[in-house]
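Structure record follows, encoded as structure tokens.
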Amino acid sequence: MAGNKTIANEDSVADFIAGLDDAGRRQDSSALIALMRHITDHPPKMWGGGMIGFGSYRYRYASGREGEFFLTGFAPRKSALTLYIMPGFARYGDLLEKLGPHRLGKSCLYLKNLDSVDHGVLEELIRDAVARMREKYRAG
């Protein structure tokens, strides 16, 4: 059975952020690192080649596949900041209405930049999502 391709590694988060071409992406990334570190009480780690994750949990599917992934994290892509809200968005309709401009994927929240969203709402969303993941997976 193939393993998860996106795993934690020892690459430098600081070097990754410093290597971003866009100064706004570097600034937003630094702000997200501070916020997610505060919420999770975990340092940032590189996952795969371009994701920054905080904490981790172990999962096991009914198929028997299992692995490890971060509690929350983000990727500073050129087109958008991609935030990973692991429990998905089904219960966050009210918060998302107050957040500001965004797009959604299954567990991905896409933001053009942090200046366009309500930071308090974003913090509440991430904080609740992390709490749900910790409860569901008994993760740290």
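For E135, there are no salt bridge (Lys or Arg N to Asp or Glu O under 4.0 Å) partners, not counting sequence neighbours. Applying the side chain to side chain donor-acceptor pair (under 3.5 Å) test to E97 and every residue at least two apart in sequence or in another chain returns nothing. Scored by the salt bridge (Lys or Arg N to Asp or Glu O under 4.0 Å) test, D21 finds K78 as partners (sequence neighbours excluded). Evaluation of the ring pair (Phe, Tyr, Trp, His ring centres under 6.0 Å) rule for F16 yields no partner, not counting sequence neighbours. For F89, there are no ring pair (Phe, Tyr, Trp, His ring centres under 6.0 Å) partners two or more places apart in sequence or in a different chain.
Without hydrogens or angle criteria, N9 side chain to G48 main chain gives a donor-acceptor distance under 3.5 Å. Distance alone, capped at 3.5 Å, is enough to place a donor-acceptor pair between the H119 side chain and the L114 backbone. Side chain of T72 to backbone of Y84: a donor-acceptor contact under 3.5 angstrom is found. The backbone N or O of T40 lies less than 3.5 Å from a partner atom in the side chain of R134, making a donor-acceptor pair. The backbone N or O of Y137 lies less than 3.5 Å from no partner atom in the side chain of R58, so there is not a single donor-acceptor pair. At distances below 3.5 Å, at least one donor-acceptor pair connects side-chain atoms of R26 with backbone N or O atoms of L20.
Atom-to-atom distance recorded for C108:SG and L83:CG is 9.0 Å, nearest 0.5 angstrom. Interatomic distance, M86 CE to Y59 OH, rounded to the nearest 0.5 Å: 9.0 Å. Here the CZ atom belonging to F70 is positioned 7.0 Å from the CH2 atom belonging to W47, to the nearest 0.5 angstrom. In this structure, CZ on R91 lies 10.5 Å from CG on D94, to the nearest 0.5 angstrom. Atoms CZ and OG1, from R77 and T82 in turn, are 5.5 Å apart once rounded to the nearest 0.5 Å. Atoms OG and CD1, on S12 and I17 in that order, are 9.5 Å from each other to the nearest 0.5 Å.
Using a 4.5 Å cut-off on side-chain heavy atoms (C-beta onward), D28 and D22 make no contact. The closest side-chain heavy-atom distance from K45 to I52 is not below 4.5 Å. Annotation: side chain of E10 is not in contact with side chain of M46 (no heavy-atom distance under 4.5 Å). A heavy-atom distance below 4.5 Å is not found between the side chains of L71 and S56. The shortest side-chain heavy-atom distance between Y57 and R138 does not fall under the 4.5 Å cut-off. The closest side-chain heavy-atom distance from M133 to P87 is below 4.5 Å.
When the options L109, I33, L35 are evaluated for a side-chain contact (heavy atoms from CB on, under 4.5 Å) with F74, the one that passes is I33.
The minimum heavy-atom distance between M51 and T6, with the atom names listed, is SD-CG2, 3.7 Å. Nearest heavy-atom pair across P76 and R25 is CB-CD, 4.1 Å. G50 approaches A75 most closely through the heavy-atom pair O-CB, 3.4 Å. Residues P44 and R37 come closest through the heavy atom pair CD-NH1, 3.7 Å. A pairwise comparison of heavy atoms in R103 and A80 identifies NH2-CB, 4.3 Å as the closest pair.
Enclosure of atom CD1 in I7 is not indicated, since only 12 or fewer non-hydrogen atoms of other residues, nucleotides or ligands lie within 6.0 angstrom. Around CD of E68, the count of heavy atoms belonging to other residues, nucleotides or ligands within 6.0 Å exceeds 12.
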N/O donor to acceptor pairs below 3.5 angstrom from side-chain atoms of residues 121-129, sequence neighbours left out:
residue : atom : partner : partner atom : Å
E123    : OE2  : R127    : NH2          : 2.6
D128    : OD2  : Y92     : OH           : 2.5
D128    : OD2  : R132    : NE           : 2.8

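In the hydrophobic cluster analysis, where Ile, Leu, Val, Met, Phe, Trp and Tyr join through side-chain heavy atoms closer than 4.5 angstrom, Y110 is grouped apart from L32. A continuous path of ILVMFWY side-chain contacts below 4.5 Å connects L104 to I85, so both sit in one hydrophobic cluster.
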